[in-house]
Amino acid sequence: MTSENQIIGRNLRIDSDRLWQSLMDMAKIGPGIAGGNNRQTLTDDDSAARHLFQKWCSDAGLSLQTDKMGNMFGRREGADPNLPPVMVGSHLDTQPTGGKYDGPLGVLAALEIIRSLNETGLKTLHPIEIVNWTNEEGCRFTPPMMSSGVFAGVHSLDWAYSRTDASGLRFGDELERIGWIGDADVGGRPIAAFFELHIEQGPILEDAGIDVGVVTHGQGLNWMRVTLTGKEAHTGSTPMSSRVNAGLGMAQITMLVHEIALSHAPQAVGAVGHCEIFPNSTNIIPGKAVFTIDFRSPDPAVIAAMDRELRSGAGKIAQTLGLDISYEQAGALDPVEFDSACVNSVRAAAARLGYSHMDLVSGAGHDAFWMSKIAPTAMVMCPCVDGLSHNEAEEISQEWAAASTNVLYHAVVETAGLVDE
Ligand code: HGY
Ligand code: MN
Ligand code: MN
């Protein structure tokens with residue numbers, strides 16, 4: 001670690017306009033229909049974004065390695081190449097109606113740190129690797145944070161390859177189709193530390209008028225896919241008393257999810273975001289419903305309680321309506337406490353740079369959650385307008401982006417260590 005005074009005198013700052021231009025250039029790939037992005041993982045747009053990132057890494061003098069999950073690592077050598085790298089990054093894939101910053105801010109801020117370091121001519125002791133994690137969002141292929149999960153040893157490569165999207169396409173086949181299966185093994189190598197900058201995706205920082213979030217913890221999540229099986233029948237001629245309506249069951253269980261989360265407030269949230277009914281025809285009573293429940297809390301006991309209450313309540317609803325019900329785990333993430341030394345480095349950087357800052361628990365899941373299982377990890381958060389994210393109207397200010405990236409810059413360099421000329 002570098003002593004703080006080695007950092008202070010250097011006046012390390014990024015080029016805010018260059019970072020903003022890169023964000024806007026990346027946002028042109030996989031545009032949405034309302035100003036945001038639809039650049040879902042393993043699509044041709046994802047591949048185009050990867051090629052642009054690869055070019056920028058090469059322009060910045062980085063050596064690029066891609067692993068068997070398509071994770072991309074741009075490496076800037078350190079004075080001692082045998083030391084494990086300090087990693088910094090996030091993801092370039094987006095939701096179907098995603099914003100321009102959820103993920104790309106963290107990847108392009110990491111790139112901006114390299115570009116700025118190159119201009120100073122400074123050398124770090126540890127190598128620095130900037131990262132684009134494949135399939136953070138988990139909307140096309142569940143679970144979220146899939147590839148950092150394989151890297152951290154939480155999921156196997158074969159299991160990840162076997163995951164299918166709504167049209168039955170396999171993850172492994174799609175990764176091969178876009179030409180981004182690398183030959184490097186996934187994980188299994190020492191990492192000195194991992195840092196991730198991400199937009200808050202909630203209203204806390206903006207409401208408090210704070211520029212930088214120092215993330216101390218992350219809440220856990222449980223995604224449960226529920227399948228209800230009833231009986232297709234005519235919506236006009238079937239008596240109400242003899243209907244076995246899977247759509248009605250889904251509606252009642254969706255309400256139950258909301259009530260369970262409210263009953264554990266303020267330590268819990270819950271919603272149904274993904275749902276399908278079959279055959280989805282106006283005049284056929286739905287014979288099948290498939291939907292995914294997203295429960296989250298910083299307290300694992302609350303997550304477990306919500307799971308129990310859901311299964312009990314949904315079982316009663318299914319029984320009353322004569323439906324069969326089955327459950328499948330679609331994603332799970334333990335609550336996370338980040339590394340105190342890395343968190344202190346973030347907090348000290350924000351103070352040193354004169355930015356308003358506050359400790360924060362991340363409401364959303366991030367690749368840093370899995371990375372915290374295998375390396376000292378911390379996150380920096382940037383406010384977003386109205387706390388809005390997973391919406392094409394997602395917006396941040398250039399000033400917020402610059403402040404959080406400068407903090408990330410200091411924390412990464414301090415952890416990587418500066419080599420005196
Ligand atoms: O679901 C999440 O928390 C993340 O945005 N993928
Ligand atoms: Mn994200
Ligand atoms: Mn997201």
Side-chain angles (χ1 to χ4, degrees), residues 23 26-27 30 32 36-42 46 49 71 88-110 131-149 152 154-155 160 163 194-202 204 213 215 217-225 261 268-274 292-298 303 329-336 360-372 377 379-384 387-396 401 404 408:
L23 281 164
M26 181 57 75
N37 278 106
N38 178 7
R39 192 172 57 237
Q40 297 183 59
T41 197
L42 309 192
D46 180 15
N71 298 315
V88 49
S90 192
H91 61 94
L92 292 174
D93 66 306
T94 76
Q95 289 281 335
T97 54
K100 298 192 279 284
Y101 312 98
D102 168 4
L105 176 62
V107 176
L108 300 180
V131 192
N132 167 33
W133 296 111
T134 302
N135 190 29
E136 185 279 342
E137 292 294 355
C139 44
R140 182 184 174 196
F141 298 97
T142 56
M145 289 67 84
M146 183 196 276
S147 307
S148 52
V154 175
H155 308 307
R163 306 298 287 164
F194 177 74
F195 289 91
E196 181 171 5
L197 165 56
H198 204 285
I199 59 171
E200 180 199 338
Q201 301 182 292
I204 297 168
V215 187
H217 298 75
Q219 68 175 348
L221 70 83
N222 178 36
W223 284 11
M224 189 201 308
R225 185 172 297 116
V269 290
V272 171
H274 156 266
T292 307
I293 297 166
D294 181 338
F295 276 137
R296 306 202 190 195
S297 171
I303 295 176
Q329 182 87 54
L333 206 53
D334 303 327
V336 165
L360 199 62
V361 174
S362 174
H366 301 288
D367 293 306
F369 287 34
W370 287 139
M371 287 306 287
S372 70
T377 297
M379 291 187 74
V380 183
M381 275 197 174
C382 164
C384 45
L388 191 63
S389 181
H390 284 195
N391 182 310
E392 290 205 46
E394 176 186 283
E395 200 48 73
I396 65 173
S404 47
L408 183 74

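Along the sequence shown, the residues carry numbers beginning at 1. Counting convention: from 1, in listed order, for ligands and their atoms alike.
- Heavy atoms only, all atoms of each residue included: Cys382 and Ala401 are closest at SG-N, 4.2 Å.
- At least one side-chain heavy atom of Leu333 sits under 4.5 Å from a side-chain heavy atom of Trp370.
- The Mn ion (ligand 3) lies under 2.8 Å from an N, O or S atom belonging to His390.
- Within His198, the N, O or S atom lying nearest to the Mn ion (ligand 2) carries the name NE2.
- A distance of 5.0 Å separates NE2 in His366 from NE2 in His198, rounded to the nearest 0.5 Å.
- Residue-level contacts of ligand 1 at the 4.0 Å heavy-atom threshold are Glu136, Glu137, Trp223, Arg296, Ala364, Gly365, His390.
- Under a 3.5 Å cut-off, the side chain of Ser297 and the backbone N or O of Ile303 do not form any donor-acceptor pair.
- Heavy-atom minimum distance, Glu200 versus Leu360: CG-CD2, 4.0 Å.
- Arg296 places no side-chain N or O within donor-acceptor distance of the main-chain N or O of Val269, the cut-off being under 3.5 Å.
- Vertex the Mn ion (ligand 3); arms to Glu137 atom OE1 and Asp102 atom OD2; angle 130° (nearest 10°).
- Contact record, Glu137 with Asp102: OE2-OD2, 2.8 Å, taken as the closest heavy-atom pair.
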